[in-house]
J.: 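The structure under discussion is supplied below as structure tokens; questions concerning it will follow.
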Amino acid sequence: ARRVAILISGSGSNMVALVESMTGDHPARPCLVLADDPHAGGIAKARALGVPVAVVDRRDHAGDRAGFEAALLDTLEAAQPDIICLAGFMRILSPGFIRQWEGRMLNIHPSLLPKFRGLDTHARALAAGEAEHGCTVHLVTEDLDAGPVLGQARVPVLAEDTDATLAARVLAQEHRLYPAVLERFARGRCTGPG
Ligand code: GAR
């Protein structure tokens, strides 16, 4: 099976959706959940699911992105992933780091890219008066939130929406979209035996 490492910074609900999807005849299995914050809520969830967990604490490398990325790389390489899924991983990775995983690293972003790259996507979608919003899974390239789109899911924006209600509607779609895209992606790359 293809080996999938999942990088998280927070609650890890997308990570849980991905891990729970990788069963049966799914072409991939989780090999590692890597958090950049020892307090990330997703750590306990990953442990409960029986997935190996590692923490590379960004605060141990404050002001030293090269050192942080070297530690990330060591930890990742030990797990030998074929595919990396960023799932609410809130650090910007350097072009050099990204290049090593080019074509093998996926991200989920809470907007209909190319709209609303970056942060605060739900508030910005509301402020822009969008009738529709959603989420995107894309390949990670050096350009932030601008790599090739692998899949999108749409939700309506309702008149009474707040950031929180809109975010929850989008997140429910993230939990469907990301596993679906990962399965298709892993199958496409699964050319050899095993
Ligand atoms: C998700 O909405 C994800 O799309 C977003 O963070 C949330 C993580 O939730 N990612 C980004 O904003 C990336 N810039 P989760 O930890 O429960 O999966």
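Just follow the structure's listing: the first ligand is 1, and inside any ligand the first atom is 1.
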J.: By the definition side chain to side chain donor-acceptor pair (under 3.5 Å), identify the one residue from H122, K115, Q173 that meets it with H133.
T.: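 With H133 as partner, side chain to side chain donor-acceptor pair (under 3.5 Å) holds for just one option, H122.
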J.: How many angstroms lie between CG in L18 and CD1 in I108, if you round to the nearest 0.5 Å?
T.: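 The CG atom of L18 sits 8.0 Å away from the CD1 atom of I108.
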J.: So which heavy atom in the protein is nearest atom 12 (O) of ligand 1, and how far is it from that ligand atom?
T.: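 Protein heavy atom with the smallest distance to atom 12 (O) of ligand 1: P110 CD, 3.5 Å.
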J.: For atom 16 (O) of ligand 1, which protein heavy atom lies nearest, and how many Å away is it?
T.: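 Protein heavy atom at minimum distance: G12 N, 2.8 Å.
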J.: Which part of L171 is near ligand 1, with near meaning a heavy atom under 4.0 Å away: side chain, backbone, both or neither?
T.: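 Side chain only.
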J.: Using the six-membered ring wherever Trp is involved, compare the ring planes of F89 and F68 and label them parallel, tilted or perpendicular (cut-offs 30° and 60°).
T.: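 Rings of F89 and F68: parallel, as their planes differ by under 30°.
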J.: Distance to 0.1 Å, residue and atom name: give those for the protein heavy atom nearest to atom 7 (C) of ligand 1.
T.: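 Scanning the protein heavy atoms, the shortest distance from atom 7 (C) of ligand 1 goes to G88 CA, 4.3 Å.
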J.: Are V170 and V137 connected into the same hydrophobic cluster when the rule is that any two of I, L, V, M, F, W, Y join if their side-chain heavy atoms are below 4.5 Å apart?
T.: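 Hydrophobic grouping puts V137 apart from V170.
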J.: With salt bridge (Lys or Arg N to Asp or Glu O under 4.0 Å) as the test, would you mind laying out the steps for R169 and D161 before giving the verdict?
T.: CA-CA 10 Å; R169 192 175 309 119; D161 267 331; 2.7 Å; yes
J.: Can you tell me the protein heavy atom closest to atom 13 (C) of ligand 1 and the distance?
T.: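 Nearest neighbour among protein heavy atoms for atom 13 (C) of ligand 1, to 0.1 Å: M90 SD, 3.7 Å.
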J.: Heavy-atom distance to atom 2 (O) of ligand 1: which of R117, H109, R91, E174 wins?
T.: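 Looking at heavy atoms only, the winner is E174.
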